[in-house]
Amino acid sequence: MKLLEERIIQDGRILPGDVLKIDNFLNHQIDVRLMDQIGDEFYKLFKDTAPTRIMTIEASGIAIAMSTSRSFGYLPIVFAKKTAASNMSSDVYQAKEHSYTRNVDYTVHVAKNYLSKDDRVLILDDFLANGEAMKALISICEQAGAEVVGCGAVVAKTYQPGERTLKGMGYKVEVLARVKSMSDDGKIEFED
Ligand code: 5GP
């Protein structure tokens, strides 16, 4: 997605640990117009998979999921929570995730009543690095007996294994900006 790549070049910053910071339009401040264009793009890429539900993980995935839901004509969204709140049902699906940016393990949760075996789930997230977050969401879908019809990431760093791993598991994976390399002097290159 050309527009997204241009925005990443314009506003992205590279942090130690191979972290691309795009928090002035996606991870902190949100550019809703761009988010809606991202939603339209995911709609084009996944409409043939006929999802019944979008699944993501808090917090940054939620805005992406909302725009994509609108493009699909308002699909329900469920997002995995990273902490168990006291008011959360104990009837939950759980999976372990190792957080790339925080370098800690989380147990992520989804309440059982928001996912069923009849669901066809489109999983969306902001970044795809090693694939840990997406694999945790896939595990939750498996526990529910729901079918994962696709995995979409706004950005993937293609020199990290996440995209390859998920494709190797047989999933349809679509990425809107595929970063081939990031260098210490701030240069970001994309796959063609
Ligand atoms: P993975 O689980 O695929 O290793 O990493 C994806 C998750 O880690 C995403 O949910 C995202 O929040 C975070 N992440 C991974 N790489 C980056 C990055 O370069 N920049 C930002 N902002 N988040 C990242």
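When reading the values below, keep in mind they use all heavy atoms of this one structure, side chains included, and skip hydrogens, waters and symmetry mates. First listed ligand is number 1; within each ligand, the first listed atom is number 1. We number each residue from 1, following the sequence as shown.
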Q: Kindly indicate whether the side chain of Asp31, heavy atoms from C-beta on, has any atom under 4.5 Å from the side chain of Arg7.
A: yes
Q | Residue pair Ile30 / Met35: nearest heavy atoms and the distance that separates them | A | CG2-CE, 3.9 Å
Q. Would you find more than 12 non-hydrogen atoms of other residues, nucleotides or ligands less than 6.0 Å from His28 atom NE2?
A. no
Q) Does the ring of Phe42 carry Lys47 above it, NZ/CZ under 6.0 angstrom from centre and within 45° of its axis? A) no
(Q) Using every non-hydrogen atom in the two residues, find where Cys151 and Tyr171 come nearest and quote the distance to one decimal. (A) SG-CB, 4.3 Å
(Q) Looking at every non-hydrogen atom in both residues, tell me the closest pair between Asn130 and Gln160 and how far apart they are. (A) OD1-CB, 4.0 Å
(Q) So if I only count non-hydrogen atoms and take anything under 4.0 Å from ligand 1, which residues does that give, chain by chain? (A) Asp18, Val19, Leu20, Asn27, Tyr100, Thr101, Asp125, Asp126, Phe127, Leu128, Ala129, Asn130, Gly131, Glu132, Ala133, Lys157
